[in-house]
Undergrad: 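The structure that follows is given in the form of structure tokens.
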Amino acid sequence: MDYDVIMIGSGHATWHAAVALLQAGKHVAIVERDLVGGTCTNYGCDARLP
Ligand SMILES: Cc1cc2nc3c(=O)[nH]c(=O)nc-3n(C[C@H](O)[C@H](O)[C@H](O)COP(=O)(O)OP(=O)(O)OC[C@H]3O[C@@H](n4cnc5c(N)ncnc54)[C@H](O)[C@@H]3O)c2cc1C
């Protein structure tokens with residue numbers, strides 16, 4: 001398969017860019033070396049909504 005964009009890492013930055021590219025009809029591949037979702041989803045974010 002051919003891709004228009006290949007992104008390295010699957011964190012929030014990639015997610016937002018990938019959604020916009022998909023909505024524009026682009027074929028996107030994401031290469032992730034650890035858990036899909038990145039630091040915030042899997043390890044990081046500790047913010048709590050009030
Ligand atoms: C303890 C902690 C608490 C946090 N709490 C908050 C919070 O409360 N609120 C908030 O807004 N932010 C918080 N953050 C920050 C937040 O996690 C980051 O700002 C956010 O994850 C950055 O997103 P990103 O997509 O740039 O990178 P990341 O989410 O780090 O994603 C990068 C991805 O790329 C992958 N990757 C890297 N190199 C390669 C490679 N060579 N090949 C393949 N894959 C690769 C990594 O495995 C990772 O999955 C916290 C961070 C930490 C560590």
Side-chain angles (χ1 to χ4, degrees):
M1 180 157 190
D2 292 330
Y3 297 99
D4 299 302
V5 180
I6 299 175
M7 309 181 90
I8 298 174
S10 63
H12 283 182
T14 295
W15 169 258
H16 290 290
V19 167
L21 288 164
L22 289 169
Q23 289 173 337
K26 303 298 183 184
H27 287 109
V28 179
I30 297 174
V31 179
E32 172 57 59
R33 69 179 176 187
D34 191 20
L35 298 174
V36 171
T39 301
C40 187
T41 301
N42 294 299
Y43 303 109
C45 289
D46 49 17
R48 298 286 185 268
L49 294 175

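Nothing fancy with the numbering, it's 1 onward along the sequence. Whatever order the structure lists ligands and atoms in, that order sets their numbers, starting from 1.
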Undergrad: Before giving the answer on side chain to side chain contact (heavy atoms under 4.5 Å, CB included), spell out for T41 and W15 the whole-Å C-alpha distance, their side-chain angles and the decisive distance to 0.1 Å.
TA: CA-CA 11 Å; T41 301; W15 169 258; over 6 Å; no
Undergrad: Write down the atom of M7, the atom of V28, and the distance for their closest heavy-atom approach.
TA: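 So the minimum-distance heavy-atom pair works out to SD-CG1, 3.8 Å.
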Undergrad: Atoms of ligand 1 less than 4.0 Å from D34 heavy atoms?
TA: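 Those of ligand 1 that fall under 4.0 Å from D34 are 47 (O).
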Undergrad: Among protein heavy atoms, which lies nearest atom 27 (O) of ligand 1, and at what distance?
TA: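 Of the protein heavy atoms, G11 CA, 4.5 Å lies nearest.
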Undergrad: Taking only residues two or more places apart in sequence or in another chain, which ones pass side-chain contact (heavy atoms from CB on, under 4.5 Å) with I8?
TA: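 So I8 forms no side-chain contact (heavy atoms from CB on, under 4.5 Å) with any residue.
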Undergrad: Counting heavy atoms only, which of S10, C45, A17 comes nearest to atom 10 (C) of ligand 1?
TA: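 Ranked by closest heavy atom to atom 10 (C) of ligand 1, first place is C45.
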Undergrad: For atom 41 (N) of ligand 1, what is the nearest protein heavy atom, given as residue, atom name and distance?
TA: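 Among all protein heavy atoms, the one nearest atom 41 (N) of ligand 1 is I8 CG2, 3.9 Å.
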Undergrad: Check the hydrophobic clustering (I, L, V, M, F, W, Y; side-chain heavy atoms under 4.5 Å; chains of links allowed) and say if V5 and L22 are grouped together.
TA: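 Same cluster.
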Undergrad: Short check: is a protein heavy atom less than 4.0 Å from atom 49 (O) of ligand 1?
TA: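 When distances to the protein are checked, atom 49 (O) of ligand 1 has a heavy atom within 4.0 Å.
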Undergrad: From the options G9, A13, G37, select the one whose nearest heavy atom is closest to atom 25 (O) of ligand 1.
TA: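 It is A13 that holds the nearest heavy atom.
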Undergrad: Could you tell me whether atom 4 (C) of ligand 1 has at least one protein heavy atom nearer than 4.0 Å?
TA: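 Flag for atom 4 (C) of ligand 1 set to true, protein heavy atom closer than 4.0 Å.
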Undergrad: Which pair of heavy atoms, one from S10 and one from G37, lies closest together, and at what distance?
TA: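 Here S10 and G37 meet closest at OG-N, 2.9 Å.
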Undergrad: Could you identify the single nearest non-hydrogen protein atom to atom 53 (C) of ligand 1 and state the distance to 0.1 Å?
TA: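 Going by distance alone, atom 53 (C) of ligand 1 is nearest to T39 CG2, 3.9 Å.
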Undergrad: So which protein heavy atom does atom 8 (O) of ligand 1 come closest to, and at what separation?
TA: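 Nearest protein contact, heavy atoms only, for atom 8 (O) of ligand 1 is A47 N, 2.9 Å.
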Undergrad: Within the structure, does at least one protein heavy atom fall under 4.0 Å of atom 17 (O) of ligand 1?
TA: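 Yes.
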Undergrad: Among protein heavy atoms, which sits nearest to atom 46 (C) of ligand 1, and what does the distance come to when rounded to 0.1 Å?
TA: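 Checking every protein heavy atom, the shortest distance to atom 46 (C) of ligand 1 gives E32 OE2, 3.4 Å.
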Undergrad: Could you walk me through whether I30 and T14 pass side chain to side chain contact (heavy atoms under 4.5 Å, CB included), step by step?
TA: CA-CA 8 Å; I30 297 174; T14 295; 3.7 Å; yes
Undergrad: Return yes when at least one protein heavy atom is under 4.0 Å from atom 1 (C) of ligand 1, and no when none is.
TA: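 Yes; the ligand atom in question has protein heavy-atom contact below 4.0 Å.
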Undergrad: Could you tell me whether T14 and ligand 1 have an N or O pair separated by under 3.5 Å?
TA: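 There is no such contact.
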Undergrad: I'd like to check which ligand 1 atoms, numbered from 1 as shown, lie under 4.0 Å from a non-hydrogen atom of V31.
TA: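 So the atoms of ligand 1 that pass are 43 (C), 44 (N).
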Undergrad: Do me a favour and list the nearest non-hydrogen protein atom to atom 52 (C) of ligand 1 with residue, atom name and distance?
TA: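 Ranked first by proximity to atom 52 (C) of ligand 1 is G44 CA, 3.7 Å.
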Undergrad: Identify the closest protein heavy atom to atom 44 (N) of ligand 1: which residue and atom is it, and at what distance?
TA: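 Its nearest protein heavy-atom neighbour is R33 N, 3.2 Å.
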Undergrad: Please list, in number order, the atoms of ligand 1 under 4.0 Å from a heavy atom of G38.
TA: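 Listed by number with element, the hits are 29 (O), 31 (O), 49 (O).
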Undergrad: Kindly give the heavy-atom pair with the smallest separation between D2 and H27, and that separation in Å.
TA: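 Closest approach of D2 to H27: O-CB, 3.8 Å.
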Undergrad: Should you measure from each heavy atom of C40, which atoms of ligand 1 turn up under 4.0 Å away?
TA: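 The atoms of ligand 1 under 4.0 Å from a heavy atom of C40 are 17 (O), 21 (O).
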Undergrad: Using a distance threshold of 4.0 Å (strictly less than), state whether atom 22 (C) of ligand 1 has a protein heavy-atom neighbour.
TA: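 There is no protein heavy atom less than 4.0 Å from atom 22 (C) of ligand 1.
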